[in-house]
Amino acid sequence: MSASVGEAAFALTLSAAVIRISVPYVLAALGGFWSERAGVINIALEGLLLMGAFAATVGAWFGHSALIGVTTGVLGGMILAGLYAWLTLVLRADQVVCGIAINLLADGGTRFFMKVLFDSSSNSPRVDAFDSLSRGGVAIHPIVLATILLVAVSTLVVYRTPFGLRLRAVGEHPEAAASLGISVSRIRLAGLLLSGALAGLGGVWLAADQRQFVAGMSNGRGYIALAALILGRWRPQTAALAALGFGAAEALQIALQTSGRSFERFGFALQALPYVLTLVALAGLVGRSIPPKALGRNEN
Amino acid sequence: MNQAGNRTLERIVPPLWALLIALGAASMLIASIGGNPHQVLGLLSLGTWRSGYGFGQVLFKATPLLFTGLSVAMALEAGLFNIGAEGQITVGALAAALAGATLPVGTPHWLAIFLCVVASFAGGALVGGIAGILKAWRGSHEVITTIMLNFIVRAAMVGLGGTIFLRESVHTRPVIEAARFARFSQWLSPSLFKGSAVNDSLFLALLVCLLVWVFLNRTTAGFALRVVGASPGAAEAAGISPGRVTAWALALSGGLAGLGGCNFVLGYKYYYEDGFSGGVGFMGIAVAVLAFGSPLALIFAALLFGTLSQGGLAINAVVPKELVDVLEAVIIFAVAGTKWPVRRMLSRSSSKISSGEKT
């Protein structure tokens, strides 16, 4: 009897942990979806998450409000995505090179301004304003609900609206889209800004979850999101599912780590799982993953 | 003549412009937090280059950057983007450390060094080669596969750590004495380089730079690699298999990055340690981008980024040392963002000249 109660409690904690870990993965993967379907590689997801977390912390700290934190976090992601858009769309800079540099900028820039604002380049003070965001548990959390809604809406918009059709056209065959009078740059800008907003929201979750900003707190999550996007074959629902799966693997890994030493040795296998699966998918061994045709190519 | 001149300008203008922009951005950033740009930039340059120790440390930090920069640059010649230098240098360093620790104590110095260097190359080449084979065999984009491989390596190191690291530590057993590179302070000038870890692997780096240049410009295989980079279709028509070239080019590129591990393992700590790389794999991308395919510029770029990472320590008392990370990003943005505008400007001005000649 007591064992089954214990098991139920464990399952509940585990599923709460899965949701908690998956939210930023799903949001960042969805962000990646919007830019990559428009033909812009988004290696910068990592930096966008980090920027979102930092901007949310600064906003919530100085504005004394979680809502201000959410707003500044989303805006922070959009501003950094805007810089990426300016470089790749206006100056036609290489997308991969700039994506890497965006991540470098986010990492160094947040540490720099942390030191300036909070006199520590590694940790911000505890932000009490975030408490109101964590009330109510993960199941009915507004950001969790928003995430589910955003996945559904993204699917609808991309596959059922003229804007979505244009976005996909720009991602598959920009020359053809341009010849029909579609502004490739404008559509890609929209995709990138959405990407920044979504990844920024993912960053808000990271900061709110810890109630503070920690330098480098995105810790590779942007790349996991990218892996989820690829494994989900560049579709919102499947990408979200993949992200959820990666979240589950990570939650399991953490649970194993705390449960006993005998499992600890295998934790790394779970840690490597998302990346190995992505390699397998890219190699086409289990259902080949094919990217949007114009991915990474700038307009001539 | 005009064409050739244009091409040179196309290559040289973006990096020079980038340095100007970086200088401007740095000054603005420093001034915005109430600092004195003149003072900080002075510290950044003189605080490193003026003392023998600082200069030695710049060379020490430039050494792995030469390898990772070369790795990225060589892949770029083949039209490939190797983002995996971070994982490749990790495996390379580990391979060198394990080889150096297992060698019998009496191994001759030259043989021990040779075997460890070969091991580091092989380690990096293994990781790069996986991406190369996946690209050649299944067309998997190397940007994504190399990123994934970085993380697979990271996870694997977590798993391996328990078995290969010494108890209660995050490093391996030290390599035997014979497998160690001499430090400059040991033979060149004990007083000048006192305390600095700069070592003979710098010569290995310069030698490899030269070898890669010779390989790319003076050998058939190197020529094939460049043809595939310039136009895979043309390569195929000329009887070169782009797939095969891609596979070994990425393996070679990985091997070059792997060699970078020698600086730390054979020249500094004498063991592999978790987190030793400090992001030099990614900084190699910045070095390669700034070097525009010229070996001399590559050396210059590695020195610049070596100065920046050492300079962070010199300025930290006045402004946060993370300023240099921001500067690195700005330099990459400026180089990447100037290429296309410069090319367009040059093609416009040359088309104006040619249409002027007609009338």
Side-chain angles (χ1 to χ4, degrees), chain A residues 41 43 47 83 86-88 90-116 121 215 220 223-224 226-227 230 264-279 281-285 288-291 295-296 298, chain B residues 29 32-34 81 83 130-131 133-135 137-141 143-145 147-163 279 282-283 285-286 288-289 312 316 319-341 343-344:
Chain A
I41 289 190
I43 291 175
L83 173 67
W86 177 65
L87 288 161
T88 55
V90 179
L91 297 177
R92 314 278 166 98
D94 187 279
Q95 296 174 5
V96 176
V97 171
C98 285
I100 296 279
I102 288 274
N103 293 342
L104 203 64
L105 179 72
D107 190 58
T110 52
R111 284 174 207 263
F112 181 83
F113 284 105
M114 281 281 289
K115 181 91 182 170
V116 173
S121 60
Y223 294 109
I224 293 218
L226 196 64
I230 295 164
E264 210 175 294
R265 303 184 48 189
F266 303 103
F268 80 93
L270 277 172
Q271 194 185 330
L273 187 72
Y275 314 113
V276 174
L277 281 179
T278 306
L279 278 192
L282 277 170
L285 298 181
R288 192 166 198 176
S289 222
I290 298 163
L295 189 60
N298 282 339
Chain B
L29 205 56
S32 76
I33 60 162
F81 221 124
I83 313 277
I130 295 174
I133 289 170
L134 282 174
K135 170 106 185 182
W137 177 43
R138 306 295 302 185
S140 320
H141 203 305
V143 167
I144 306 295
T145 54
I147 288 176
M148 296 304 144
L149 282 164
N150 280 342
F151 284 98
I152 291 172
V153 167
R154 199 167 89 167
M157 295 313 296
V158 172
L160 278 174
T163 31
F282 292 111
M283 250 191 279
I285 298 167
V289 165
N316 206 22
V319 290
K321 64 174 187 299
E322 286 75 16
L323 175 75
V324 298
D325 299 329
V326 176
L327 279 189
E328 282 165 15
V330 170
I331 290 174
I332 303 178
F333 287 146
V335 177
T338 317
K339 272 188 183 157
W340 181 75
R343 197 186 318 141
R344 188 182 51 169

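Within every chain, numbering begins at 1; the chains are lettered A, B, ... in the order of the sequence lines, protein sequences first and strands thereafter.
Looking only at side-chain heavy atoms (C-beta outward), N150(B) and Y275(A) stay at 4.5 Å or farther from each other. Side-chain contact between L134(B) and L279(A): present, with at least one pair of heavy atoms (C-beta onward) separated by less than 4.5 Å.
With sequence neighbours left out, the salt bridge (charged side-chain N to carboxylate O under 4.0 Å, His left out) criterion links D107(A) to R111(A).
Using cut-offs of 30° and 60° for the angle between ring planes, the F151(B) and Y223(A) rings count as tilted.
Atoms NZ and CG, from K115(A) and N316(B) in turn, are 6.0 Å apart once rounded to the nearest 0.5 Å. Here CG of D94(A) is found 11.5 Å from CD1 of I332(B). Values are rounded to the nearest 0.5 Å.
Residue A156(B) touches chain A through its backbone alone, counting heavy-atom pairs closer than 4.5 Å. Interface residue L105(A): backbone and side-chain heavy atoms are both found under 4.5 Å from chain B. I224(A) does not touch chain B: none of its heavy atoms, backbone or side chain, sits under 4.5 Å away. For chain B, no part of L270(A) is nearby; none of its heavy atoms comes within less than 4.5 Å.
A pairwise comparison of heavy atoms in W340(B) and V90(A) identifies CZ3-O, 3.5 Å as the closest pair. Contact between S121(A) and E322(B) at its shortest, heavy atoms only, is OG-OE2, 3.6 Å. The two atoms that bring V97(A) and A336(B) nearest to each other are CG1-CB, 4.0 Å, heavy atoms only. Listed here is the closest heavy atom pair of F333(B) and L87(A): CD2-CD1, 3.2 Å.
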